[in-house]
Protein chains: 2
Amino acid sequence: MATLKEIANRAHVSVGTVDRVIHRRGRVSLETEQRVKRIISELDYKPNILARSLSMTKTFRFGILVPFPEQDGHYWELPLKGIEKAQSELDVYKVKVKYFYYDKYSEQSFEMACSKMLQMVRELDGLLIAPVLSQATEKFLTKIPDRLPYIFLDSYIPNSRCFSYIGEDSFQSGVLSAKLMRILVTAHGTVAIIKVQPMDYHIEDRVRGFFSYFNNNTDINLLTYTVNARESMPYYKITKKIVTENSDLIGIYTPNACAYQVADYLAEHFAGKKIFVIGYDLIKENISHLKNGSIDFLISQRSEMQGYESIFKLYKQVVLKEKVESRVLMPLDIVTKENLQFYEN
Amino acid sequence: MATLKEIANRAHVSVGTVDRVIHRRGRVSLETEQRVKRIISELDYKPNILARSLSMTKTFRFGILVPFPEQDGHYWELPLKGIEKAQSELDVYKVKVKYFYYDKYSEQSFEMACSKMLQMVRELDGLLIAPVLSQATEKFLTKIPDRLPYIFLDSYIPNSRCFSYIGEDSFQSGVLSAKLMRILVTAHGTVAIIKVQPMDYHIEDRVRGFFSYFNNNTDINLLTYTVNARESMPYYKITKKIVTENSDLIGIYTPNACAYQVADYLAEHFAGKKIFVIGYDLIKENISHLKNGSIDFLISQRSEMQGYESIFKLYKQVVLKEKVESRVLMPLDIVTKENLQFYEN
DNA sequence: ATTCCGCGCGTTATCGCACACGCAATTTAG
DNA sequence: CTAAATTGCGTGTGCGATAACGCGCGGAAT
């Protein structure tokens, strides 16, 4: 618990000098600078965060670039909840956030949000980006000023200068789903996997993981179907198609938050035979289907914690100037009827 | 973001007076006290925690009464890790902890730890108790001074004046285990449940939950065995007994952290037939058996987070004087080979 | 009447850090 | 060669709250 003052005494200088060394504000001779630095590391000096943020005049602003909260079946409300929680906890540390929403199915909307953000970029100290529209995001990244650090949430763009990625290991989450499906289905038969257009690397990765688990397994027949997310009721239609085309259907894997739509159809029009359904994310509709048994497992990627952590990592990187891990992978929680209650809220 | 000074100005008094009102230090006339209180609630004044703990002279000390870390297969290291993490984060807030360990199989050792704690009770501001030895703990509770708040970790003693309990819903965790076992075992046969002596309510609850799930299910034969924890290699012996007595054995449920001992035996002497094993807690030995497939599922009760949270709740209750929920139930994480990596560390 | 005590309040130092400012001693420019 | 700029350093103030201290006033005790 060394203080600035102690450092100063030891180095035979004033606190002002030590402060200048720490903040690289110059006006210190090379000799004293080295002496001070040595003593700082000798005493393992850590600035008192309380005092620091108490005296700090600057407030930090982070821009949040994410899809409209209600998209993906209100999925985006979950990370936003975490973001708000982090924001309120970091309020005393003078951290504010500024939201820029976009329609994840419209590049134009995305570009609108980006340009709004760029207009006030001078007031921002860091960005949180959910790069759902990967190509459009890549273009946007080139326009971000070099001084401005950014972090990815939910999914990821390779070869960018982002300082960290907060999210899941999509491939492994596919593997996990496959394992669960394997345990569930006791009989031989067909398992359908529902892909989505427009393509999303993140989701594709889950599907790849799913297939990789079943790689050398022959008694289960894997069949891929593709829906177009811009149509109306796409999952309803595709589920209908799946059940009519496969008399030996035993399971459906929905590698996104839309499992509830599949379960809806099955519950209404296919109640006779048990079809196992595995999906993602603890959104309201999925939860109620998990409760009534028409969804068997939900994989949760700690969406709320993702939002929370990403703001905290921004705080660490920008305000505290600490090193942040370049990948922070959230646990893949297996949620079922019997442990759901502890994951809700 | 009202400050003391603003309150003072509005109430036409000095900050000293407002401070005296807030901390009930007297020397304020009834009239001004009410005026100040009114303005405080009008402006929804929340003290700045940073400034508060920066200026605070008092340091808070919490006593930790838990089993030796190495007991239960080093299980207790997990909550302790969380406790240490919380302690280091709360260091700037002037929070210290003081450990009192006991042997969970010796009432005498427990009483020793208690009396040590009571000797320095005047220096303590709160207690964290793992009431593994329930009767002995009940006796101890009567000796705790009324002024001293305490919180339970891991398990619980009813009708006590503890301000909160941090842990799992043991019954429901048994239910969850049963559900998983039900999915795993496809054939008919016997599932063995291993109880422990001396009895532990917590563990018994898990077993009750397990049975309740299978209540009206007849194609699985449930059989209870009991080990004596004070013997040497008890699980080794009991597993041997189980496999020799049940030719139709298909699964074993170990409602505590000792599943690895069961798995040890099976891997060495019973490699031929697949026996499904479900156990608890991410201790090192269990983890390696999960990896090599001799344990199928581990239920994790977020042991590290339990420790972390319990210190934070003490901080909230004692230092911030905020209300704390009387029960904080941790999620029951289902851990398998495929998602283990995200729960490790 | 003087001393004394307690009440009701204001004042001020302190916590550890950030940052603006000021003041010599030098260096650079004109 | 003098004025201006720059370097190297110390001082002082503020952030918001805590808590010790001090002071006037009035009533009780001597």
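Keep in mind it's a predicted model, so treat the numbers as computed, not measured.
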Side chain proximity check, B:Asp19 to B:Arg25, heavy atoms < 4.5 angstrom: yes
Can you tell me the distance, in whole Å, between the CD1 atom of B:Ile7 and the P atom of D:dG16? 13 Å
With a 3.5 Å cut-off and just heavy-atom distances, do the side chain of B:Arg27 and the base of C:dG10 make a donor-acceptor pair? no
Among B:Leu282, B:Asp154, B:Asp281, B:Leu153, side-chain contact (heavy atoms from CB on, under 4.5 Å) partner for B:Ser303: B:Asp281
At less than 4.0 Å, is any side-chain N or O atom of B:Tyr45 found next to OP1 or OP2 of D:dA17? Yes or no. yes
Would A:Lys85 pass as a cation-pi partner of A:Tyr308, given that its NZ or CZ must be under 6.0 Å from the six-membered ring centre and within 45 degrees of the axis? yes
Whole angstrom value for the distance that separates P of D:dT11 from CG of A:Leu4: 15 Å
How many whole angstroms separate atom NZ of A:Lys58 from atom P of C:dA20? 13 Å
Can a side-chain donor-acceptor contact be found between B:Asp333 and A:Tyr343 if the only test is distance below 3.5 angstrom? yes
Under-4.0 Å side-chain N/O to phosphate OP1/OP2 contact, B:Ser55 with D:dA17: no
Take the protein atom NE2 of A:His23 and the nucleotide atom P of D:dG8, then report the distance between them rounded to whole Å. 20 Å
Atom-pair distance (CZ on B:Arg25; C1' on D:dA20), nearest Å: 9 Å
B:Ile129 side chain reached by B:Ile144 side chain, heavy atoms, under 4.5 Å: yes
cation_pi(A:Lys58, A:Phe60) dist<6.0 Å, angle<=45: yes
On DNA chain C, nearest-nucleotide positions of A:Thr3 versus B:Ser14: which is more 5'? B:Ser14
Any side-chain heavy atom of A:Val28 within less than 4.5 Å of one from A:Val36? no
Respond yes when some side-chain nitrogen or oxygen of B:Ser29 is under 4.0 Å from OP1 or OP2 of C:dC9, and no when none is. yes
Tell me: CD1 of B:Ile22 to C1' of D:dA19, nearest whole Å? 13 Å
Rounded interatomic separation in angstrom, taking CG from A:Asn48 and C1' from C:dC15: 8 Å
Given D:dC9, C:dC19, D:dT18, identify the nucleotide with an atom nearest to the side chain of A:Arg20. D:dC9
Inspect the contact between A:Arg302 and A:Glu168 and indicate whether a charged nitrogen and a carboxylate oxygen are less than 4.0 angstrom apart. no
Looking at B:Thr57, I'd like to know whether one of its side-chain N or O atoms comes within less than 4.0 Å of OP1 or OP2 on D:dT18. no
Under 4.0 Å between a side-chain N or O of A:Arg52 and OP1 or OP2 of C:dG16? no
Residues from residues 30-39 of chain B lying under 4.0 Å of DNA chain D - heavy atoms: none
On DNA chain C, compare the nucleotides closest to B:Val13 and A:Gly16; which residue's is nearer the 5' end? B:Val13
Where the side chain of A:Ala51 is concerned, which of C:dT11, C:dG16, C:dC19 is the nearest nucleotide? C:dG16
Using the side-chain heavy atoms of A:Leu54, tell me which of these nucleotides is nearest: C:dG16, C:dC9, D:dA17. C:dG16
Grab the CE-P distance between A:Met56 and D:dG16 for me, whole Å please. 13 Å
